[in-house]
2 protein chains.
Amino acid sequence: MDVKTLCLGVLSLGDASGYEIKKVFEDAFSHFYVAGFGSIYPALAELTREGYVTCSDVEQEKRPAKKVYHLTGSGAAAFRTALAETYPSHKVRSDFMVLLVFADLLTPAQLAGVLQQRLADIDDTLSHIRACTGRDDCVSSSGAAFAAGIARAMLEAGREYIVQNREGLLQGLENKDTES
Amino acid sequence: MDVKTLCLGVLSLGDASGYEIKKVFEDAFSHFYVAGFGSIYPALAELTREGYVTCSDVEQEKRPAKKVYHLTGSGAAAFRTALAETYPSHKVRSDFMVLLVFADLLTPAQLAGVLQQRLADIDDTLSHIRACTGRDDCVSSSGAAFAAGIARAMLEAGREYIVQNREGLLQGLENKDTES
DNA sequence: CATATCATGTAACCGGTTACATGATTCC
DNA sequence: GGAATCATGTAACCGGTTACATGATATG
């Protein structure tokens, strides 16, 4: 699923500007999809060319003007088709786990720091998810709540595993040090 | 962390050919890092040019000849430096969750299929991790076991959440259908 | 003789990131 | 006046994927 398709999805929830779409990405999708302005703005331009969205300039009081995008019928149809064809992949890219695999090349202090940092990041993500779940201005379909529930359950399980087992890992590696 | 750096990491565990490195990626790293031949072979060529690895042709009986790569001192040093500078990121890119967020644009049958497929994929990943943990020819440091433990805990929690809550999600969306 | 596995590579392409560039408006 | 937020865009770059191309060896 590319940024273009996801923009159609966001617009299926209501008209929005590029800037506002970026916010939806950050608020509602950030734990499973990341996109920056550098991909969103060109995506919207292309979708406009293709007739999947229309664009209108909207003047605002107390704010700079913005371009509000609106999903067309063909855009909605294209999005539904894309959804039906999308394989439900779930990919992880984790430098954290790479560091763990090569933990014996780190000092115990470095490893402890890595684990601490990961715990802090998990907590950040969890509070971000909790903050968004139940907020009105956020995407709040039952499906979104379900996705948030899965993410939460997985993060909490990972957190728990780290808290429960880190002492053992750290001690095992320290002993290895003294052995040599 | 790029493929080049990860190749140094694999070679820090022992000499290997490109083909063998690919296997390590598949066996030990596949649940948190994916890489194909198209990135591994060019990476090894570049590492050779940079002096981080050396390469020697090895003839084999009953098999085509292979190029075995060996980590140099500067390669080992470069890898340790890279590890120390790596932020322990853990990124998820999930089309599965995108489908969930827009579940109301799917038929109940499609949604059920998506959930079923995800459960099957989780089971595949879990059995893959179990198969690798404890196998001798696999990377088997205590850090690798720890990473596998986290992955396992997270996958099982996600699996459990789906199994426990999918009925509710499916029924909620079916009712929505009859409402209209 | 076909299929599978082992083995190595190249080149085009693609999607996304990063950095750059600009400017309005608001609040302290 | 400076910082923060709102707002839109472009262009270079980069890492990785995909498809292509080749060929040895082994097994059924």
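Values below: every heavy atom of this structure, side chains too, minus hydrogens, waters and symmetry copies. In what follows, every chain begins at residue 1, and chains take the letters A, B, ... in the order their sequences are listed.
Ring pair B:Phe37/B:Tyr41 is parallel by interplanar angle, where below 30° counts as parallel and above 60° as perpendicular.
Residues A:Leu155 and B:Tyr161 share a single hydrophobic cluster, defined by chaining ILVMFWY side chains whose heavy atoms lie under 4.5 Å apart. Cluster annotation: A:Leu44 and A:Val34 are assigned to distinct hydrophobic clusters (Ile/Leu/Val/Met/Phe/Trp/Tyr, side-chain heavy-atom contacts under 4.5 Å, transitive).
Summarising the geometry, the separation between CD on B:Glu20 and P on C:dT5 is reported as 17 Å, rounded to the nearest angstrom. Rounded to an integer number of Å, the gap from B:Lys66 NZ to C:dC6 C1' is 10 Å. Whole-Å rounding puts the B:Met1 CE to D:dC14 C1' distance at 17 Å. Between A:Glu59 atom CD and C:dT25 atom P there is a gap of 9 Å when expressed in whole angstrom units. Residue B:Arg93 contributes atom CZ, which lies 7 Å from atom P of C:dT17 at whole-angstrom precision. Remark: P of C:dG16 and CG of B:Asp2 are 20 Å apart, rounded to the nearest angstrom. Rounded to whole angstrom, the span from the NZ atom of B:Lys91 across to the C1' atom of D:dG15 amounts to 12 Å. Atom CG of B:Leu44 and atom P of D:dG16 are 13 Å apart (whole Å).
Nearest nucleotide to the A:Tyr33 side chain, out of D:dT8, C:dG16, C:dT8: C:dG16. When the nucleotides D:dA7, D:dT8, C:dT26 are ranked by their closest atom to the side chain of A:Phe37, D:dT8 comes out on top. Nearest to the side chain of A:Pro42, among D:dG9, C:dT8, D:dT10, sits D:dT10. Comparing atom distances between the B:Pro64 side chain and each of C:dC6, C:dG15, C:dT17 picks out C:dC6 as nearest. Here the nucleotide nearest the side chain of A:Tyr19, chosen from C:dC6, D:dG16, D:dT5, is D:dT5. Side chain of B:Ser39, nearest nucleotide from C:dA7, D:dG16, D:dT10: D:dG16.
Stacking of A:Arg93 on the aromatic ring of B:Tyr33 is recorded, both the 6.0 Å distance cut-off and the 45° axial limit being met.
For A:Lys23, a side-chain nitrogen or oxygen approaches OP1 or OP2 of D:dC6 to under 4.0 Å. Put simply, A:Gln60 has no side-chain N or O that comes within less than 4.0 Å of OP1 or OP2 on C:dA24.
Within 4.0 Å (heavy atoms only), A:Tyr69 reaches sugar-phosphate atoms of the nucleic acid but no base atom. When heavy atoms are screened at a 4.0 angstrom cut-off, B:Lys22 is found touching no nucleic acid atom at all. Using a 4.0 Å heavy-atom criterion, one finds that B:Ala45 contacts no nucleic acid atom at all.
Both A:Gly36 and A:Lys62 sit near DNA chain C, but only A:Gly36 has its closest nucleotide nearer the 5' end.
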Test side chain to side chain contact (heavy atoms under 4.5 Å, CB included) applied to A:Tyr69 and A:Thr54, step by step: CA-CA 6 Å; A:Tyr69 292 88; A:Thr54 55; over 6 Å; no
